[in-house]
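In what follows, a single structure is set out as structure tokens and then discussed.
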Amino acid sequence: MKHLLEIAALSVLLCLPLRTEAQKFEELGKTPAMGWNSWNKYACDINEDLIKNVIDAMSTNGLRDAGYVYVNLDDCWHDQRDSLGFIHADPVKFKSGIKSLSDYAHLKNMKLGIYTCAGTKTCAGRPGSLGHEYQDALQYAKWGIDYVKEDWCYTHDDHVSAKCAYMVMRDAIYSTGRPMYLSLCEWGSNKPWEWAKDVGHSWRTTGDIENSFKSVLDIIDLQDSLRKYAGPGHWNDPDMLEVGNGMSENEDRAHFSMWCMLAAPLILGNDVCHMCKATADIIMNKEVIALDQDTLGIEGLKIGKEGNLEFWFKPLANGDWAFCILNRGMDAAKYTIDWKKLDLNDDLSKRSTDFDKSVYAIRNLWTKKNEGTTKKEKEVVVPGHDVLVYRLIMKK
Ligand code: GLA
């Protein structure tokens with residue numbers, strides 16, 4: 001066993017795949033992953049009862065049926081490794097073990113995710129996967145895990161190259177034969193968008209989100225230039241959602257809408273067992289979720305700005321467009337939409353709006369009302385720290 005571990009560790013350092021036919025599970029993440037993760041709300045304060053309650057809530061309150069199927073443990077589920085190097089769950093917090101938790105999730109038609117780190121330790125100081133990737137992947141597969149998030153703490157001292165580290169985990173997962181989504185969490189430090197398409201199903205593009213609108217805006221500002229790297233099976237990940245964790249309703253709506261415009265993984269981070277109606281209405285707005293989950297899989301692009309308003313378009317599979325006006329300012333802003341002035345040619349999707357020749361019906365996705373067509377100008381008011389989101393429906 002020691003020999004095997006040394007080979008695995010060496011393969012990380014030298015960047016040699018242990019199996020030549022290794023690859024990622026291509027059938028996963030064809031649209032951005034949807035689910036829940038324990039970190040944003042509970043940090044290290046997690047246990048079996050909490051996760052079961054989350055599974056119970058999500059499978060009955062509409063979240064699972066809206067598409068949120070992954071329930072992901074983040075940091076701090078771990079105990080130590082045993083004498084052979086296999087990792088185990090904290091026996092006090094997870095007294096029935098992880099397998100029983102995944103059985104519970106599967107019974108309710110949900111999936112279970114787990115967290116590890118490419119370094120020697122996780123960010124909260126629990127055992128990391130470096131040199132144990134094959135053992136860990138094997139353990140996760142035995143436990144019935146469906147999603148692995150791999151973090152990036154405690155790596156630099158060991159001169160681990162990011163691409164190699166994540167390739168080893170990818171290969172380790174593939175060798176188990178159990179399809180597990182691989183979520184890279186190296187915060188964009190090594191430009192994973194340039195190399196991770198064949199390594200994982202999504203990659204974090206920034207440091208950790210904070211529960212503030214400033215943090216949401218800062219993250220949005222880093223995404224626009226990355227859109228060309230994302231697509232079905234390989235997504236930019238601007239981090240998990242903070243909706244329902246204390247921002248205003250307007251801010252939550254803007255945050256959620258923009259994540260959908262960016263085709264981001266929608267991983268909730270709030271208390272889904274006790275949420276208010278306003279939060280539930282935001283995260284379960286099926287017409288907005290449909291923008292995120294659109295099968296074309298092309299991220300939105302920012303086509304311009306005027307004062308505090310930003311204008312974003314996202315091409316959709318059936319020829320429609322999503323159109324979002326984001327108000328970054330605190331005050332409500334009046335604006336007259338002159339569609340022809342917003343006309344765009346998108347090199348990535350090879351699509352153009354052609355407002356001169358094409359008329360689109362306007363569907364307001366938050367009020368759920370049809371609001372005429374793009375034939376004439378439209379006067380709008382965008383509340384402060386909020387959005388207007390329209391689906392522009394191609395007229396046949
Ligand atoms: C890092 C990650 C977070 C979370 C914590 C856990 O900061 O970016 O998403 O997983 O570690 O310690």
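If you read the sequence from its start, that first residue is 1, and numbering goes on from there. Remember, predicted model here, so these are calculated numbers, not experimental data. Both ligands and their constituent atoms are indexed starting at 1 by order of listing.
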Closest protein heavy atom (residue, atom, distance) for [atom]:
atom	value
atom 11 (O) of ligand 1	Asp151 OD2, 2.7 Å
atom 4 (C) of ligand 1	Asp74 OD1, 3.4 Å
atom 9 (O) of ligand 1	Lys149 NZ, 2.8 Å

Which atoms of ligand 1 sit under 4.0 Å from any heavy atom of Cys123?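 Near Cys123, meaning under 4.0 Å from one of its heavy atoms, ligand 1 has 1 (C), 11 (O), 12 (O).
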
Where ligand 1 meets Arg204 - atom numbers and elements under 4.0 angstrom, heavy-atom basis: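 Per the distance check, 8 (O), 9 (O).
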
Residue-level breakdown please: for Cys185 versus ligand 1, do any non-hydrogen atoms fall below 4.0 Å on the side chain, on the backbone, on both, or on neither?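 The part of Cys185 near ligand 1 is the side chain, not the backbone.
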
Would you say Trp187 contacts ligand 1, with heavy atoms under 4.0 Å as the rule? yes

So is Thr122 in contact with ligand 1, going by heavy-atom distances below 4.0 Å?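 No.
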
Working to the nearest 0.5 Å, report the span between CG of Asp354 and NZ of Lys340. 11.5 Å

Do any nitrogen or oxygen atoms of Trp39 lie less than 3.5 angstrom from nitrogen or oxygen atoms of ligand 1? no

Would you mind finding which of Asp75, Asp208, Asp239 brings a heavy atom closest to atom 3 (C) of ligand 1? Asp208

Taking the six-membered ring of Trp321 as reference, does the cationic atom of Arg351 (NZ for Lys, CZ for Arg) lie under 6.0 Å from its centre and within 45° of its axis? yes

Among Phe355, Trp339, Trp312, the one residue meeting ring-ring contact (aromatic ring centres under 6.0 Å, His included) with Phe323: Trp339

Check the side chains of Asn370 and Arg363 for a donor-acceptor pair under 3.5 angstrom, ignoring hydrogens and angles.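 Yes, a side-chain donor-acceptor pair sits under 3.5 Å.
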
Go through the side-chain N and O atoms of Asn318 and Asp320 and say whether any donor and acceptor fall under 3.5 Å apart. yes

For the residue pair Trp39 and Trp77, is the inter-centroid distance of their aromatic rings smaller than 6.0 Å? no

Check ion pair Lys357-Asp343 (N to O, under 4.0 angstrom):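 Result for this pair is no, no salt bridge flagged.
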
